[in-house]
Amino acid sequence: MSIVTLITDFGTRDGYVGEVKGVLLSRCAGVSPVDVAHDLPAGDVAAGAWALQRIWDRFPHGTVHLVVVDPGVGGRRRAVAVRAGGRWFVGPDNGLLTRVAARAVPEEARGLDPARIGLPDVSDTFHGRDLFAPAAAHLACGGDPRALGPGLDPASLVLETLPEPRRRGREIVGRVVHVDRFGNLVTDVPSEWLPASPSVEVGGTGIARAGRAFADVAPGEAVLIRGSGGTLEVAVRDGSAAEALGAERGTAVRVRPAAEA
Amino acid sequence: MSIVTLITDFGTRDGYVGEVKGVLLSRCAGVSPVDVAHDLPAGDVAAGAWALQRIWDRFPHGTVHLVVVDPGVGGRRRAVAVRAGGRWFVGPDNGLLTRVAARAVPEEARGLDPARIGLPDVSDTFHGRDLFAPAAAHLACGGDPRALGPGLDPASLVLETLPEPRRRGREIVGRVVHVDRFGNLVTDVPSEWLPASPSVEVGGTGIARAGRAFADVAPGEAVLIRGSGGTLEVAVRDGSAAEALGAERGTAVRVRPAAEA
Amino acid sequence: MSIVTLITDFGTRDGYVGEVKGVLLSRCAGVSPVDVAHDLPAGDVAAGAWALQRIWDRFPHGTVHLVVVDPGVGGRRRAVAVRAGGRWFVGPDNGLLTRVAARAVPEEARGLDPARIGLPDVSDTFHGRDLFAPAAAHLACGGDPRALGPGLDPASLVLETLPEPRRRGREIVGRVVHVDRFGNLVTDVPSEWLPASPSVEVGGTGIARAGRAFADVAPGEAVLIRGSGGTLEVAVRDGSAAEALGAERGTAVRVRPAAEA
């Protein structure tokens with residue numbers, strides 16, 4: 001049984017997810033499609049990169065991650081299969097691998113060549129079904145990656161330059177990199193940077209206390225915590241920090257020792 | 001491993017999808033339930049028919065498609081299992097098969113008889129769990145279709161009469177048959193009807209350019225493309241064509257050679 | 001193949017569900033994760049308890065139900081694995097088992113001890129991934145429950161006291177315990193209490209007719225039916241009873257023989 005995970009912005013009110021799964025199961029009978037997330041904001045590549053970063057190395061070696069947030073489908077962006085950290089990643093070459101590549105150097109990359117894979121009818125609008133799913137099925141069934149298309153220089157993959165959190169004296173300046181379903185603000189500040197008794201500004205206006213868990217503050221109160229992804233997060237207990245603090249992806253977050261606040 | 005796909009309007013915030021899967025797995029240990037779409041608009045049979053059309057023949061022969069959009073549950077509509085194109089379809093006989101039947105003639109149809117299937121307690125409100133899931137599990141496990149209930153004349157199945165796109169001189173008049181998650185307008189006009197240099201009207205007001213892919217136009221601009229389902233679609237790059245053009249299911253779409261526009 | 005069902009409030013726009021599945025599949029290769037519901041309202045333990053009640057005994061004996069609605073994560077609530085009715089339940093000890101326990105007495109309960117399970121890095125904010133998933137994988141793979149942590153007195157589990165429907169003379173007073181995706185109002189009044197010719201009040205204002213199925217009334221009309229969960233429900237055909245009647249969880253529902261209305 002081989003695993004193909006699915007991260008898309010297809011939603012679950014049309015048949016698109018089913019078309020992809022049908023192709024996977026028709027081309028590789030032993031595959032197990034595993035839904036990860038289909039309700040990413042439409043066309044939001046950064047959200048796809050973030051979801052992928054969360055999950056990729058939680059799955060067994062050999063897992064194929066099919067990641068399709070593809071606003072440039074039919075345009076000039078490349079279609080690729082990439083091996084990194086013992087897993088395969090199949091999707092458009094549009095930055096989705098940015099956060100994975102920051103942690104595991106891509107070791108092999110293949111362009112997807114419809115002719116070589118034996119796909120006569122690839123649409124210009126749905127490569128998830130017509131190109132990526134067949135490629136993922138091929139890999140999931142143990143097929144030779146070289147049969148997918150030409151080798152690419154892994155260094156040529158499209159990766160976004162992520163702004164990095166900075167230290168300015170004893171102040172740390174980072175930013176919100178993801179707002180999750182709960183309205184939690186995930187920052188790019190490593191949790192180990194957290195000073196002992198911090199003072200926190202979100203977007204220059206709100207201020208959150210630091211705690212260990214959501215339960216450390218009263219309902220409705222904001223708290224800065226060491227998030228489950230290795231970076232600091234700002235949450236509002238039983239509420240949405242994004243709403244309460246008027247924050248969104250990109251909002252600056254400043255942390256400094258409270259004495260200097 | 002046999003596949004049962006699930007298309008419903010149950011949503012994913014109650015336990016309903018789980019109840020159906022539990023019945024499937026309890027009655028046929030080897031079944032693989034495959035989620036296709038659970039967020040169809042409540043009671044929207046046309047949306048169910050559309051999703052089913054997208055996926056049914058992407059799955060391997062022998063797949064059982066469980067399709068439950070069932071506003072008439074407990075009323076007089078029949079419960080059926082239908083074989084067409086090498087797959088089985090289980091659900092209410094309310095038009096869900098309309099688009100499949102347009103492409104694959106139903107070869108066998110069975111009414112679902114709770115007594116014959118050995119189901120003493122069928123609710124009047126949840127046939128998805130109490131009748132369709134047991135029938136689907138029976139078929140997925142290789143059971144004899146005749147054990148489900150009486151044979152029905154396949155010609156008696158409820159199928160909607162779909163309005164067909166027309167040619168009026170050199171003008172093509174079709175309509176929007178589905179608005180997808182992205183706000184794309186899927187029409188019923190076959191892609192091969194597209195004239196070389198078309199002019200397009202959506203609902204009589206908006207006008208879209210023709211292109212090959214979303215990426216052929218600027219963000220926010222509308223484009224007419226050959227959709228991945230074989231018919232023309234109107235999309236707005238990085239936006240919603242439905243919103244931008246004020247269109248919905250049923251909106252007329254006119255295509256003519258630009259010279260005559 | 002062993003089954004682990006998933007009920008969470010994680011949504012499907014982040015990677016959280018995927019992280020949990022990755023841990024399950026990495027720790028127990030033969031497990032089949034089965035999605036039940038991920039769109040529960042954030043932090044709504046009562047909604048989790050309701051969804052769990054719907055599904056738990058529809059799945060085969062030996063199924064592990066992973067249920068994570070966990071607003072108190074990182075606080076003092078216990079993490080538990082509980083055996084009841086031939087299934088295992090893994091999650092926070094915060095009332096999620098209330099409705100299961102009303103029908104199947106918990107036979108065995110274990111606190112989850114990260115050290116004993118061999119989990120050095122349990123976050124304070126994501127026990128679904130770091131503690132519950134490993135415990136569920138352990139059980140799904142046939143591991144000894146005693147390896148999870150100390151035995152707990154099943155009588156010590158946190159269970160909510162559910163208000164019970166009452167009979168006042170010939171009047172029945174119950175309440176809405178769940179509003180589902182369709183806007184149906186699920187009450188706690190056993191269906192067998194329904195008088196022959198009932199009169200119904202929802203929230204003291206609206207009035208619904210009794211029927212057998214949604215199809216027994218005209219579109220837009222309210223109807224009281226014997227729900228598929230064993231209790232009375234109020235529905236509006238092709239509409240939302242919650243909206244039409246201004247009702248929500250907790251709203252009182254009164255049923256009496258029509259003659260006395």
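So you know, we letter chains A, B, ... as the sequences are listed, proteins then strands, and number each from 1.
For C:A215 against B:G72, the heavy-atom pair with the smallest separation is CB-O, 4.1 Å. The minimum heavy-atom distance between B:G74 and C:A213, with the atom names listed, is CA-CB, 3.6 Å. C:P60 and B:L25 make their closest contact through CG-O, 3.8 Å (heavy atoms, listed as atom of the first residue, atom of the second, distance). Considering all non-hydrogen atoms of both residues, B:V17 and C:D35 come closest at CG1-O, 4.3 Å. The two atoms that bring C:F182 and B:D9 nearest to each other are CZ-O, 3.1 Å, heavy atoms only. Taking every heavy atom of both residues into account, B:G15 and C:I55 meet most closely at O-CG2, 3.2 Å.
For C:L40, the parts sitting under 4.5 Å from any heavy atom of chain B are the backbone and the side chain alike. Neither the backbone nor the side chain of C:H61 comes within less than 4.5 Å of any heavy atom of chain B. The contact between B:R129 and chain C is made entirely by side chain atoms (from C-beta outward), counting heavy-atom distances below 4.5 Å. Proximity to chain B (any heavy atom under 4.5 Å) is shown, for C:D180, by both the backbone and the side chain. Heavy atoms closer than 4.5 Å to chain B are found nowhere in C:N184, neither backbone nor side chain. Contacts of B:D121 with chain C are absent, with no heavy-atom separation under 4.5 Å from either backbone or side chain. For B:D14, the parts sitting under 4.5 Å from any heavy atom of chain C are the backbone and the side chain alike.
A distance-only check finds no donor-acceptor pair linking the side chain of C:R237 to the backbone of B:P71 [under 3.5 Å]. Formation of a donor-acceptor pair under 3.5 Å by the B:S26 side chain with backbone atoms of C:R58 is found in this model.
Residue C:E243 qualifies as open at atom CD: its count of foreign heavy atoms under 6.0 Å is 12 or below. Remark: B:R116 CZ is packed, more than 12 non-hydrogen atoms of other residues, nucleotides or ligands lying under 6.0 Å away.
For the set C:A51, C:S228, C:S240, C:A37, the entry with the most heavy-atom pairs within less than 4.5 Å of chain B is C:S228. In terms of non-hydrogen atom pairs under 4.5 Å with chain C, the most contact-rich of B:G75, B:P33, B:A42, B:G43 is B:A42. Comparing C:E233, C:H178, C:R226 by how many heavy-atom pairs each has under 4.5 Å with chain B, the most go to C:H178. With chain C as the partner, the residue from B:F10, B:F126, B:Y16 showing the most heavy-atom pairs under 4.5 Å is B:Y16. Counting heavy-atom pairs closer than 4.5 Å to chain B, the top residue among C:T63, C:V36, C:D39 is C:D39.
Atoms CD and CG, on B:E19 and C:D57 in that order, are 9.0 Å from each other to the nearest 0.5 Å. The structure places CG of B:D44 at 11.0 Å from CG of C:D238, a figure rounded to the nearest 0.5 Å.
A salt bridge links B:D124 to C:R212: one of the charged nitrogens lies within less than 4.0 Å of a carboxylate oxygen.
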